[in-house]
Amino acid sequence: MSTSTYEPDGGSVRRGSSDEDPSALRLEGVGKSFSGTPVLSDVSLNVRQGEVHALIGQNGSGKSTLIKILSGFHHPDPGSRATVLDVALELGDPGSAHQRGIRFVHQDLGLVGRLSSLENFALGIGYPTGALSRIRWRQHRQIVRDGVRRLGHEFDLAVPVERLAPVERTALAIARALHGADNLSLLVLDEPTATMPRADVERLHHLVRRVSGEGIGVLYVSHHLDEIMSLADRVTVLRDGRKVDTAEIQTVTKENLITMMTGSTVNKDRTAAAGTTTAGVVLEVRDLSFGSSGPISFDVRGGEILGIAGITGSGRERLCRTVYGGSDYDGTVLIEGTPLKRRNTQHAVTSGVGFVSATRLDDGVVAEMSVRENLMLGDIRSVARFGVVRRSRESAECADLFRDLKVKASGPEAPLASLSGGNQQKVVIGRWLRRRPRVLLLDEPTQGVDVAAKADIHRLVDDAATTGVAVVVAGSDEEELVRLCDRILVMRDGVVARQFARGEITASELAFECLADDKSDQKEDEHA
Amino acid sequence: MPEETETVQIDGWHSDPAESPDTLDRGVGITRRPARWSVGSLRLSSLAGLYVLIALLVLFTLSDERFAAPQNYRVILASQAIAGILTLGLVVSLISGVFDVSIAATMALSISLVGWLQAEMGFHPLVAVVLTLLAGATVGALNAVSVTVLRVEPIIATLGSSAILAAVAYWIAEGQTFIDGISPGFISFGQSQFLSIPLPVYYLAAIALLLWFAIEHTPWGRYLRAIGANAEASRLAGIRVVRVQWSALIVSGLLASLAGIVLTMQLGAASFGAGDPYLLPAFAAAFLGSTQVQPGRFNVFGTLIALYLLATAVKGLQLRYPDLPWIADLIQGVTLIASVAIAAYAGRRRAEKG
């Protein structure tokens, strides 16, 4: 039914070459284990000259490991073989990949925002120089201009790249990667559109086609299936470290691909609606918009755990911080009917809102301080009398909390930095629970946390909800959301696309929903 | 727990976690075996500076009769009392992560102002002191505007205000030193002794106790440390970061101003250039102090130990090598770099031990 989302690209000339030509890249039996655990097993892959070959898979499917083997960052297991244009490639050796004409552009592009295009271009490559190492600026400018023109772009090369459009930055990074490689065989693009506005994506595709039009193979890693359907010639799907299949793009639908990625099918007839009652609403979010996301509206009742799912770039990753007031927004956030002051975390705190950041070490904890000091951070006044901290009271409270939270450490005086990530996270959550919040916003609460600590954290969140706290959990861990949440909102392209009640959806179905696109949903709605 | 163990309250003095690893699962207090002498109880790592100070005092006293003169001890104590008041203000700003390099210039301004208000304007000394302290606090507030409103890096903001303050100090004094017109009563507060110890030493002691209490035992002190270590985490935890930064810079300006006033009392003359030489020793003592008592943290008692250690070393060497006038600068410069390097090394080791 969804083949309608595939729009053949009539404009570009495909130079997909026949099987007789040597492949731009051929991988055979590539595997990789970390301390005995295989993360990649027996993957074979063949990228033809002049084709755009998409590589897709969920988080943990092994695609980044594969890219890292190709770039020489990881050594593959013995028995892995690779050739470039029928010449052997030494996997795990960055020099060999470079020498064989393989170039990489990673998601972060490797650009320095404050430097100009001209300066960024020279990073790692250097400048053309004359006598006394004088930079030949005119020649350099010509090289850079030609490099981006080759990709169909023209922009001011002297302004800081942070002022360029995202697609222009990507063009610059690609031009730099392609520069000086006369035997260029393969360009690897790792999530090039993850943070790109929709309007720019089409321009990027145009650029990619120009590269492949020169006979260069392009290996294109992406989460966005729509993009792949319109851009790629073929697609290879990885799941759990194994290759599921490689298919010509004309022969598959997006639903096929999702099924291949998640290993399950979705019952599309399900009605996704729940929680229409507003009794006991504690947190109300009204027409919230920030960045390119929004408007978003939802309610959370006391005692309810609301999940927010969505891929990175859907707005999910900034929602909790924004509601808390950590960054600016338009719209209204109400706690028990009283609006919060915008961009004012103190007001959020005094109104009974707690926030657990996904970037724990950056802005969640004070690593230099002890567990006790981190537990009391921001609320030390509660154990002070006449402006004096009562240490005995503080220590007693922290000792109780330390025990209840099941923090694994020598004691409340242990430096926070000495704790594992999971135990640090318990401290951050405990800091808020101690203050008896009305709303708790958790962003990726168990990211990088071991299994045991994860179970403890889930128990803490459950207990908090039992005592009437309105909890929001945003994250990319679908199993966690399905397990914890009473209700799950799926965000796509900055808005809430779907809503599910507990039990209505499994983790892999939720992953499917995050990757699905709005067009097909609308079609279903029309059918309904 | 067995009868004979005693419980010692955790406080600022004993909160070095490396020192008391076995005591922590109880949470409420440190339990210790009955007092029994051990090398560990000397706390060699965190009180090394104190032992070196004692060793130097013994060495110089025995080897140099000029050093052993009671008058010499009084000079060291009194001159360092002024440096100490200045340095403790600096410590407050350093704890909160805002480097205030304008302290010496604030001191210079205060010297000019307290002299000019008495000599030229004929104010009562008490009024002059109060107005000068207000000016110091205002300097701190203006620095806070640069840092929190204009968002200038603290070290740059205060470097800039230093130059401005030096200009203002010169302008007020018209380049002169005020000697006539400074009240004898005012001067007696800097030159008198109580129990044969100069009065400024008591001022320092009072301020040290007050700041120690504020830093270790009030919410304000806890906020200072939290903000200095991770301002963004503190903000997200609900601390009013800007307000605390303001308070730190105002305290720093106020104490710098007080140091200038006490120096004027001690000299009996308002010479605005007299404040400048205090900048480097203050930074050297604050950073060396951060390796003492509570290693890894700027703290009041560590700073006092460091201050007198440096002063004793400088004085002893100056007496022994009178033709090497650069020795003080050399010691302070080396100390500053070495103590920051030691602190960084110790921090890395703590992180590795983890």
Side-chain angles (χ1 to χ4, degrees), chain A residues 321 324-326 345-350 353-357 359-374 376-384 387-392 394-403 409-415 417-419 428 431-432 435, chain B residues 7-12 14-31 95 97 213-244 294 296-298 343 347-348 350-354:
Chain A
R321 179 179 296 265
Y324 184 63
T345 51
Q346 268 88 37
H347 189 240
V349 172
T350 51
V353 185
F355 167 61
V356 176
S357 150
T359 46
R360 185 171 52 241
L361 286 173
D362 289 341
D363 53 22
V365 295
V366 182
E368 294 85 345
M369 295 183 124
S370 66
V371 171
R372 167 178 55 86
E373 286 167 313
N374 271 282
M376 303 303 296
L377 192 70
D379 196 32
I380 189 76
R381 267 181 219 290
S382 65
V383 293
V388 180
V389 176
R390 287 180 290 175
R391 279 291 170 86
S392 54
E394 182 192 3
S395 296
E397 271 204 32
C398 286
D400 290 348
L401 258 175
F402 186 84
R403 201 174 43 243
S410 56
E413 296 306 314
S418 69
L419 272 59
V428 181
R431 174 201 300 163
W432 292 114
R435 304 177 75 158
Chain B
T7 302
V8 179
Q9 194 56 52
I10 300 172
D11 65 26
H14 297 111
S15 63
D16 177 8
E19 294 286 324
S20 46
D22 56 328
T23 58
L24 300 168
D25 24 24
R26 225 151 307 253
V28 178
I30 294 180
T31 56
I95 289 176
F213 185 82
I215 290 169
E216 305 297 342
H217 290 284
T218 69
W220 178 73
R222 197 70 68 82
Y223 295 155
L224 280 185
R225 285 214 192 281
I227 286 169
N230 190 335
E232 185 59 15
S234 304
R235 186 176 77 90
L236 291 181
I239 296 174
R240 296 174 192 273
V241 172
V242 167
R243 191 180 284 188
V244 178
Q294 298 179 46
R297 294 180 165 195
F298 292 102
R348 280 198 304 277
R350 272 195 295 275
E352 278 161 24
K353 270 200 303 191

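Keep in mind that what you see is a predicted model, and the values were worked out from it rather than measured. Chain letters run A, B, ... following the sequence lines, proteins first, then strands; residues in each count from 1.
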Novice: Relative to chain B, which segment of A:D362 carries a heavy atom at a distance below 4.5 Å: side chain, backbone, both, or neither?
Specialist: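 Looking at A:D362, just its backbone touches chain B.
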Novice: Measure distances from A:R431 to the heavy atoms of chain B and classify the residue's part below 4.5 Å as side chain, backbone, both or neither.
Specialist: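 Just the side chain, heavy atoms under 4.5 Å.
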Novice: By a 4.5 Å heavy-atom criterion (distance strictly below it), what part of A:R321 contacts chain B: side chain, backbone, both, or neither?
Specialist: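 The side chain, not the backbone.
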Novice: Does the side chain of B:R225 reach to within under 4.5 Å of the side chain of A:V366, using non-hydrogen atoms?
Specialist: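 No, too far: nothing below the 4.5 Å cut-off.
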Novice: Which residue out of B:F213, B:W220, B:Y223 racks up the most heavy-atom pairs below 4.5 Å with chain A?
Specialist: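 Maximum pair count with chain A is reached by B:Y223.
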Novice: For A:M369 and B:N230, run side-chain contact (heavy atoms from CB on, under 4.5 Å): C-alpha distance rounded to whole Å, both residues' side-chain angles, the deciding distance at 0.1 Å, then the answer.
Specialist: CA-CA 10 Å; A:M369 295 183 124; B:N230 190 335; over 6 Å; no
Novice: Is the count of non-hydrogen atoms from other residues, nucleotides or ligands lying under 6.0 Å from A:R390 atom CZ greater than 12?
Specialist: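 Enclosed.
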Novice: Report which part of A:F355 has an atom under 4.5 Å of a heavy atom belonging to chain B: side chain, backbone, both, or neither.
Specialist: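 Just the side chain, heavy atoms under 4.5 Å.
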Novice: Need one label for A:R360: side chain, backbone, both or neither, based on atoms under 4.5 Å from any heavy atom in chain B.
Specialist: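 Neither part.
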Novice: Please classify the contact between A:V388 and chain B as side chain, backbone, both or neither, with a heavy-atom cut-off of under 4.5 Å.
Specialist: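 Both backbone and side chain of A:V388 come within 4.5 Å of chain B.
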Novice: Does any heavy atom of chain B fall under 4.5 Å from the side chain of A:V349, the backbone, both, or neither of them?
Specialist: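 For A:V349, the contact with chain B is made by the side chain alone.
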Novice: Dump the intermediate steps for side-chain contact (heavy atoms from CB on, under 4.5 Å) on B:R222 and A:E394, then the final yes or no.
Specialist: CA-CA 12 Å; B:R222 197 70 68 82; A:E394 182 192 3; 2.8 Å; yes
Novice: Salt bridge check, B:R297 against A:E373: does any charged N sit closer than 4.0 Å to a carboxylate O?
Specialist: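 B:R297 and A:E373: salt-bridged.
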Novice: Counting heavy-atom pairs under 4.5 Å to chain B, which of A:Y324, A:F402, A:W432 comes out on top?
Specialist: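 Looking at each option in turn, the highest pair count goes to A:Y324.
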Novice: Looking at every heavy atom in both A:R435 and B:A237, which two are closest together, and how far apart are they?
Specialist: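 The pair with the smallest heavy-atom distance is NH1-O, 3.1 Å.
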Novice: Looking only at heavy atoms, which two atoms of B:R235 and A:G326 are closest? And how far apart?
Specialist: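 Heavy atoms of B:R235 and A:G326 come nearest at NH2-O, 3.4 Å.
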Novice: Hey, which of A:A409, A:S370, A:G387 has the most heavy atom pairs under 4.5 Å with chain B?
Specialist: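 Answer, by heavy-atom pair count under 4.5 Å with chain B: A:G387.
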Novice: If I compare all heavy atoms of B:E216 with all of A:R391, which pair ends up nearest, and what's the gap?
Specialist: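 Reported closest heavy-atom pair: O-NH2, 2.7 Å.
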